[in-house]
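Numbering starts at 1 and runs along the sequence shown.
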Amino acid sequence: MKTVSENTCFGGVQGVYTHTSETCVCDMTFGLFLPEEATYGPVPVLWYLSGLTCTHENAVVKAGAQGWAAEQGIALIFPDTSPRGEDVADDEAYDLGKGAGFYVNATQDPWKPHFRMWDYIADELPALVAEHFALDMDRQAITGHSMGGHGALTLAMGLSGRFVSASAFAPIAHPTDSDWGRKQLGAYLGDDVSTWQPHDSTLLMRDKGFDGPVLIDQGANDQFLDLLKPEALAEAMAARRQDGSFRMQKGYDHSYFFVSTFMEDHVGFHAEALHA
């Protein structure tokens with residue numbers, strides 16, 4: 001692992017690091033904010049998964065999460081959204097290939113050699129950061145935006161017992177029934193729709209739910225509402241009587257202006273569960 005940068009931030013350190021990933025078979029970059037408390041011992045962890053076209057940097061710079069995490073004594077991990085490099089397959093479209101890993105393990109060519117983002121987020125990156133930083137991996141929570149909200153919710157429900165709380169900003173909520181989902185899941189996983197179902201938060205919510213609290217914020221003026229299908233997830237949460245809240249935020253769109261506005265709420269929500 002190599003240090004790209006480290007900057008003092010709200011009394012802690014915002015770092016950016018690279019490492020050679022055995023899972024994705026390329027060099028990967030991630031951001032990590034450590035609050036001042038990490039100087040004295042392990043701190044709880046909040047994962048932030050980003051959306052289509054993003055790298056780690058978008059949320060590091062735009063989400064405004066570090067100040068709230070510093071107040072709560074929580075570390076933030078900002079992974080990349082896909083493998084990178086000259087040998088990594090890509091597509092001319094912005095919503096497939098680099099920047100669009102969709103947090104799945106691809107089984108189809110040309111994607112399968114590198115696009116293993118589920119295993120990267122679930123296994124390899126947690127092991128790496130646990131080895132090198134003062135993190136309490138027994139206390140983890142997860143959030144994300146758009147495609148990252150999809151990833152956060154599916155990982156939370158798919159890795160039972162891993163995360164104490166889960167939240168999302170404008171998640172791709174029902175990808176098996178959306179053009180933001182059918183295209184990517186078909187490309188990465190093939191035509192067998194049964195292999196898509198573990199990566200659909202609405203279907204997972206209907207089937208099993210999450211064994212902790214859930215918070216969803218959705219902008220009512222989101223330009224991608226028809227692709228996100230938030231109403232399907234809201235209905236599934238209500239039908240399961242899921243412990244959590246679904247909030248439609250009047251006037252807000254899909255941007256980081258929306259995310260940063262409600263970031264304090266989300267960090268506080270996770271802090272309550274992480275410090276319980």
Of all heavy-atom pairs between Ser21 and Tyr120, which one has the smallest distance, and what is that distance?
OG-CD1, 3.8 Å
Can you confirm whether Gln108 is buried at CD, in the sense that more than 12 heavy atoms of other residues, nucleotides or ligands lie under 6.0 Å from that atom?
yes
Can you name the closest pair of heavy atoms from Ala100 and Leu52 and give their distance?
CB-CD2, 3.5 Å
Within a 6.0 Å radius of atom CG on Asp192, are there more than 12 heavy atoms belonging to other residues, nucleotides or ligands?
yes
Taking Ala65's backbone N and O only, do any of them form a donor-acceptor pair with Tyr48's side chain (distance below 3.5 Å, no angle check)?
no
Using a 3.5 Å distance criterion without hydrogens, assess whether the side chain of His114 forms a donor-acceptor pair with backbone atoms of Cys24.
yes
Linked hydrophobic residues, Phe269 as query - side chain contacts closer than 4.5 Å:
Leu215
Backbone of Thr55 reached by a side-chain donor or acceptor of Asn58 within 3.5 Å:
yes
Hey, can you pull the donor-acceptor pairs under 3.5 Å for the side chains in residues 25-41, sequence neighbours left out?
residue: Asp27; atom: OD1; partner: Thr20; partner atom: OG1; Å: 2.9
residue: Thr39; atom: OG1; partner: Glu36; partner atom: O; Å: 3.0

How would you list, by chain and number, every residue that makes a salt bridge (Lys or Arg N to Asp or Glu O under 4.0 Å) with Arg182, sequence neighbours excluded?
Asp177, Asp179
Taking the side chain from Lys208 and the backbone from Met157, do they hold a donor-acceptor pair closer than 3.5 Å?
yes
Look at the side-chain heavy atoms of Ile, Leu, Val, Met, Phe, Trp and Tyr, link any pair under 4.5 Å apart, and say whether Leu227 and Trp196 land in one connected group.
yes
Please enumerate all residues that pass side-chain contact (heavy atoms from CB on, under 4.5 Å) together with Phe257, with sequence neighbours excluded.
Ser255
Between Phe78 and Ala59, what is the shortest heavy-atom contact and its length?
CD2-CB, 3.7 Å
State yes or no: do Leu76 and Phe169 share one hydrophobic cluster built from I, L, V, M, F, W and Y residues joined by side-chain heavy-atom distances below 4.5 Å, directly or via other members?
yes
Quick one: closest heavy-atom pair of Ala130 and Met137, and the distance?
CB-CG, 3.7 Å
To the closest 0.5 Å, what do you measure between CD (Gln14) and OG (Ser5)?
7.5 Å
Could you tell me whether the side chain of Arg116 and the main chain of Thr23 form a donor-acceptor pair under 3.5 Å?
no
In short, Ala220 meets Gly251 closest at the heavy-atom pair CB-N, 4.3 Å
Counting distance only, does the side-chain N/O of Gln140 pair as donor-acceptor with the main-chain N or O of Pro44 below 3.5 Å?
no
Report the hydrophobic cluster partners of Leu225, with the cluster defined as I, L, V, M, F, W, Y residues connected by side-chain heavy atoms closer than 4.5 angstrom, directly or transitively.
none
Residue Glu272 excluded, over 12 heavy atoms near CD under 6.0 Å:
no
Say whether Leu155 and Val164 are linked into one hydrophobic cluster, either directly or through other cluster members, by side-chain heavy-atom distances under 4.5 angstrom.
no
Counting N and O atoms only, with roles assigned by atom type, does the side chain of Ser201 sit under 3.5 Å from a partner on the main chain of Ala173, one being a donor and the other an acceptor?
yes
Can you tell me how far apart CG (Asp80) and CD (Glu57) are? Round to the nearest 0.5 Å.
10.5 Å
Name all residues meeting the side-chain contact (heavy atoms from CB on, under 4.5 Å) criterion together with Thr3; count only those two or more places apart in sequence or in a different chain, and write none if there are none.
Glu6, Tyr17
I'd like to know if the side chain of Ser178 reaches the main chain of Gly181, judged simply by a donor and an acceptor atom lying under 3.5 Å from each other, with no hydrogens or angles considered.
no
Between Trp118 and Tyr103 (judged by ring centroids, cut-off 6.0 Å), do the two rings come close enough to count as a pair?
no
The side-chain contact (heavy atoms from CB on, under 4.5 Å) partners of Asp226 (sequence neighbours excluded) come to none
Would you tabulate the side-chain donor-acceptor contacts of residues 88-96 under 3.5 Å, counting partners in other chains and residues two or more places apart, or write 'none'?
residue: Asp90; atom: OD1; partner: Lys98; partner atom: N; Å: 2.9
residue: Asp91; atom: OD2; partner: Ala93; partner atom: N; Å: 2.8
residue: Asp95; atom: OD1; partner: Lys183; partner atom: NZ; Å: 2.6

Is Trp68 reachable from Phe262 through a run of hydrophobic residues whose side-chain heavy atoms are each under 4.5 Å from the next?
yes
Can you pull the salt bridge (Lys or Arg N to Asp or Glu O under 4.0 Å) pairs that have at least one residue in residues 124-146, sequence neighbours excluded?
Asp136-Arg139
Does Asn221 use its side chain to pair, donor to acceptor, with the backbone of Asp253 at less than 3.5 Å?
no
Which residues satisfy the side-chain contact (heavy atoms from CB on, under 4.5 Å) test with Val4, sequence neighbours excluded?
Val16, Thr18
Test of understanding: with side chain to side chain donor-acceptor pair (under 3.5 Å), list the residues that count as partners of Ser167, not counting sequence neighbours.
Thr143, His266, His270
Let me check something: any side-chain donor-acceptor pairs from residues 146-154 under 3.5 Å, sequence neighbours excluded? List them with distances.
residue: Ser146; atom: OG; partner: His254; partner atom: NE2; Å: 2.9
residue: His150; atom: ND1; partner: His199; partner atom: O; Å: 3.4
residue: His150; atom: NE2; partner: Phe102; partner atom: O; Å: 2.9
residue: Thr154; atom: OG1; partner: His150; partner atom: O; Å: 2.9
residue: Thr154; atom: OG1; partner: Gly151; partner atom: O; Å: 3.2

